[in-house]
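Let me begin by presenting the structure, written as C-alpha cells, before commenting on it.
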Amino acid sequence: MTIKTRFAPSPTGLLHIGGIRTALFSWLYARHHNGQFVLRIEDTDRERSTDAAVQVILEGMAWLGLEHDEGPYYQAQRFDRYLEVINQLLEVGHAYRCICSKERLEQIRNEAMSKGEKPRYDGHCRALNLTEDNAVVRFKNPLDGAVVVQDKVQGHVSFENSELDDLIIARSDGTPTYNLTVVVDDMDMGITDVIRGDDHLNNTPRQINIFKALGAEIPNYAHIPMILSPEGKKLSKRDGAASVLQYRDEGYLPEALLNYLVRLGWSNGDQEIFSIEEMVAVFDIKDVNKSASSINPEKLLWLNQHYLKNADNEWLQKPLNDLFMGMNIDLKDGPDLRDLIEVQKHRTETLKDMAEQSLFFYMDFDEYDINAAKKHLRPVILEPLKALYEALKTIKDWDNNSIKTVIEGTADKLEIKMGKLAQPLRVAVTGAGISPSIDDTLRLLGQEKSLSRLLKGIEFIENRSSS
RNA sequence: GCUCCCUUCGUCUAGUGGCCCAGGACGUCGCCCUCUCACGGCGAAAACACGAGUUCGAGUCUCGUAGGGAGCACCA
C-alpha cells in the first residue's frame with residue numbers, strides 16, 4: 001500500500017520550528033517510502049485562526065522545500081462532511097445529544113478533582129435519546145476494555161476505556177470539534193501514517209474509538225517528542241517558537257535548518273551532515289527517540305555556516321539581496337554580490353551576518369569605531385600610510401596580487417610588520433577593525449574608494465595630532 | 001489529583017548483556033596557523049539520575065525512588 005502522511009497544523013499561532021520538525025518527519029517518511037504527503041489546515045476554531053498564520057504555514061513550507069502532493073485542505077471548508085458523519089454516528093447510536101450545562105460540567109470536574117480522580121463526563125445524557133437541536137453531540141466511548149496504541153515511536157501504549165469519557169464531537173452551535181474532524185479527515189484522505197507531536201498521544205485512544213465506530217481502517221501512529229528551549233523548558237518566542245520565517249529573515253539556509261531539525265531526536269550513527277537526499281534515503285521513523293530534546297542555537301549556527309561555505313554563490317545572491325533590501329542598502333555602489341559572497345561566505349555564520357559585515361562596501365561611514373581608531377589611527381602610522389597611499393595609487397591592475405605585493409612591499413621598505421600597516425589600513429577603509437583579508441577588502445572596495453577612504457584616514461590622523 | 005510518556009558529557013546523540021575505565025558532534029578551554037575577525041589543524045576537560053534486583057557479567061533487562069513533560073475544554 002502506498003504510504004500517505006499528512007501535516008495538519010492549526011493556524012491559531014505562527015508555525016514554529018517544533019511544527020516544522022513534525023512536518024519534516026512526516027514529509028521524510030512519505031518521501032522515503034515513495035508515498036504521498038498531504039497538507040491540511042486545521043482551522044475549525046474560527047475565532048482563533050488567522051490568515052497570517054495560514055500564510056506563514058504556506059510560505060514556511062515552501063521556503064523549506066517541504067512540498068505537499070495534496071492540499072492544502074482547509075477544514076473550515078469541510079463542515080458539511082463533518083456534519084454528515086456526526087449524523088451518521090447519531091443514527092447508528094454511536095453518539096448522542098447532551099444538554100448538560102457548563103455549570104454542571106464544571107461541578108462534575110471539581111468534584112472529581114477534589115476526590116483525586118481524573119475529571120470525566122459522567123454520561124448523564126447518554127441514555128436519554130434527546131433530540132434538542134441546540135445540544136452538543138457526544139461520542140459514545142466504549143465503557144470497558146482497553147485501547148492499545150501501537151505507536152512507531154512510543155511502542156505499545158495501552159489506555160483503559162474506563163479512563164476515557166464521552167467527548168464532545170459537535171458543539172451546541174453544530175460545529176464539529178477537533179477529535180472528530182481529525183478522524184474524518186484522516187479517514188477520507190486515506191492517511192496511512194499519522195505522525196504528530198506526542199502531546200496528541202492522549203487523544204489517540206479516543207480517535208481510535210471513533211475510527212472503530214465508523215468502521216474505518218485505523219492508521220499507524222508515530223508520536224514524536226516535543227522540542228524544548230535551551231533551558232529545557234517549553235519553547236518560547238525568543239528561542240524559536242515564533243514564526244519559522246524568522247529563520248529565513250535572520251539569514252539561515254533551509255538545508256541548515258532542516259539538517260539541524262532532523263538530528264533533533266533522530267540519528268543515523270555518528271553522521272551529522274545530511275543532504276536532503278540523504279535524509280530521505282536513510283530516515284526511518286522507528287529510529288526517532290522517545291525523549292524530548294532541547295534546541296541548541298550554536299549547533300544550528302555551525303550547520304548554517306557549514307552550508308553557507310558550501311553553497312553556490314549564484315544561488316546565495318537572491319536571499320542575500322533580499323536581506324540587503326531589507327536594510328535599504330543600494331548595491332550599485334559596491335562590489336558584485338557574487339564576488340562579495342565568495343569572500344564572505346567562509347567567514348560568517350548567517351547571511352544576515354554577511355550583510356551586516358559587508359555594509360562598509362556599499363555605504364560610507366561617518367565615524368570610525370572608537371576603539372579601533374584609538375588603537376590604530378595614530379600619528380606613528382601617518383607616514384607609512386602616506387607612503388602606502390602613493391604606492392597603491394600606482395597600481396594598474398587592481399587585483400589581490402598587486403594589492404598584496406604593494407602592501408607587503410611598503411611594510412618591508414619601512415621595516416614595519418605587515419600587521420602594523422594592514423590593521424590601520426583596514427580601519428581607515430572599513431571604519432572598524434574587522435573585515436576580510438586586507439587584499440580582498442581593498443579589491444572588493446575598488447581602487448577609487450580605497451584611496452579616498454585612506455586619504456580620509458590620513459586626514460583624520462593629522463587633525464587628531466594637531467588638536 | 002488522575003492517566004500516559006520520558007531520564008548517557010552543558011546541548012544533540014552512538015550504544016539493542018561482554019567490542020564501553022562509554023564513541024561522535026555543537027559549545028567550552030589550550031596550542032598551532034595568521035594583516036583583524038573568522039576558516040582550518042592539533043589537543044584537553046566533560047555523561048550512563050538514584051537505589052535494589054536478574055546475570056558469570058548491566059548504560060543495555062525488571063522493579064522502585066527522584067526529577068521532568070504531556071493530556072484530562074462546547075482549543076487544536
What is the separation between atom [atom1] on [X] and atom [atom2] on [N], rounded to the nearest whole Å?
X	N	atom1	atom2	answer
A/L261	B/C26	CG	C1'	15 Å
A/N259	B/A25	CG	C1'	11 Å
A/R21	B/C12	CZ	C1'	11 Å
A/W266	B/A25	CH2	P	17 Å
A/E272	B/U11	CD	P	16 Å
A/R206	B/U3	CZ	C1'	11 Å
A/Y260	B/C12	OH	P	8 Å
A/D173	B/A73	CG	C1'	14 Å

Side-chain donor-acceptor pairs under 3.5 Å in residues 71-79 of chain A, sequence neighbours left out?
| from | atom 1 | to | atom 2 | distance (Å) |
| --- | --- | --- | --- | --- |
| A/Y73 | OH | A/E70 | OE1 | 2.7 |
| A/Q75 | NE2 | A/E42 | OE2 | 3.3 |
| A/Q75 | NE2 | A/T181 | OG1 | 3.4 |
| A/Q75 | NE2 | A/D185 | OD2 | 2.7 |
| A/R78 | NE | A/D185 | OD1 | 2.7 |
| A/R78 | NH2 | A/D185 | OD1 | 2.9 |
| A/R78 | NH2 | A/D188 | OD2 | 2.9 |

Is there a Watson-Crick or G-U wobble partner for [N] with both distances under 3.5 Å, and if so, which one is it?
N	value
B/U34	none
B/A70	B/U3
B/C50	B/G64
B/A14	none
B/G43	B/C29

Using the [atom1] atoms only, state how far [M] lies from [N], rounded to an integer number of Å.
N	M	atom1	result
B/C63	B/G24	P	33 Å
B/C20	B/G59	P	13 Å
B/G53	B/C6	C1'	22 Å
B/A58	B/U54	C1'	10 Å
B/U11	B/G64	P	27 Å
B/G69	B/U55	P	38 Å
B/U62	B/A22	P	25 Å

Is B/C39 in the syn or the anti form, by the rule that syn lies within 90° of 0? syn
For the student: nearest non-hydrogen atoms of A/K290 and A/P225, plus distance: O-CB, 3.7 Å
On a heavy-atom basis, the closest approach of A/I273 and A/N259 is CA-OD1, 3.5 Å
Tell me what [X] touches on the nucleic acid: a base, only sugar-phosphate, or nothing, going by heavy atoms under 4.0 Å.
X	answer
A/H223	nothing
A/T181	nothing
A/R48	base
A/T430	nothing

Candidate nucleotides [options], ranked by approach to the side chain of [X] - the nearest:
X	options	result
A/Q75	B/G23, B/A76, B/C12	B/A76
A/E163	B/A76, B/C2, B/G71	B/C2
A/D270	B/U3, B/G24, B/U11	B/G24

Counting only side-chain nitrogens and oxygens, does [X] get under 4.0 Å of the OP1 or OP2 atom of [N]?
X	N	result
A/S267	B/A14	yes
A/T177	B/A73	no
A/R109	B/A73	yes

Counting only heavy atoms and a strict 4.0 angstrom limit, can you tell me which residues of residues 281-293 of chain A come near RNA chain B? A/N289, A/K290, A/S291, A/S293
Give, ordered by number, those residues of residues 136-155 of chain A having at least one heavy-atom distance below 4.0 Å to an atom of RNA chain B; if nothing qualifies, reply none. A/V136, A/Q154
So, using side chain to side chain donor-acceptor pair (under 3.5 Å) as the criterion, who are the partners of [X] when residues are at least two apart?
X	result
A/N268	A/Q271
A/D122	A/R104
A/R453	A/D364

Hey, are [Y] and [X] close enough side-chain-wise for a donor-acceptor pair under 3.5 Å?
X	Y	result
A/S229	A/E231	yes
A/N296	A/Y260	no
A/D144	A/N161	no
A/N400	A/D440	yes
A/S243	A/H16	no

I'd like to compare against my own output: the B/S/- annotation of nucleotides 27-42 of chain B with a strict under-4.0 Å heavy-atom distance to protein. S-------BBBSSS--
For A/H94, which residues count as a ring pair (Phe, Tyr, Trp, His ring centres under 6.0 Å) partner, sequence neighbours excluded? none
By ring pair (Phe, Tyr, Trp, His ring centres under 6.0 Å) - contacts of A/F7 (at least two apart): none
Inspect the contact between A/E163 and A/R120 and indicate whether a charged nitrogen and a carboxylate oxygen are less than 4.0 angstrom apart. no
Is it the case that [N] (base atoms only) and [X] (side chain only) share a donor and an acceptor within less than 3.5 Å, ignoring hydrogens and angles?
X	N	value
A/D199	B/G71	no
A/D43	B/A76	no
A/Q271	B/G24	no

How would you list all residue pairs meeting ring pair (Phe, Tyr, Trp, His ring centres under 6.0 Å) that involve residues 129-163 of chain A, not counting sequence neighbours? none
Could you list the donor-acceptor pairs under 3.5 angstrom formed by side chains in residues 410-419 of chain A, with sequence neighbours left out?
| from | atom 1 | to | atom 2 | distance (Å) |
| --- | --- | --- | --- | --- |
| A/T410 | OG1 | A/V406 | O | 2.7 |

Consider side-chain hydrogen bond (donor to acceptor under 3.5 Å, both in side chains). Of A/R126, A/K140, A/H124, which one does A/D166 pass it with? A/R126
More 5' along RNA chain B: A/N202 or A/N268, using each one's nearest nucleotide? A/N268
Would you tabulate the pairs of protein nitrogen or oxygen atoms and nucleotide nitrogen or oxygen atoms of nucleotides 18-20 of chain B closer than 3.5 angstrom?
none

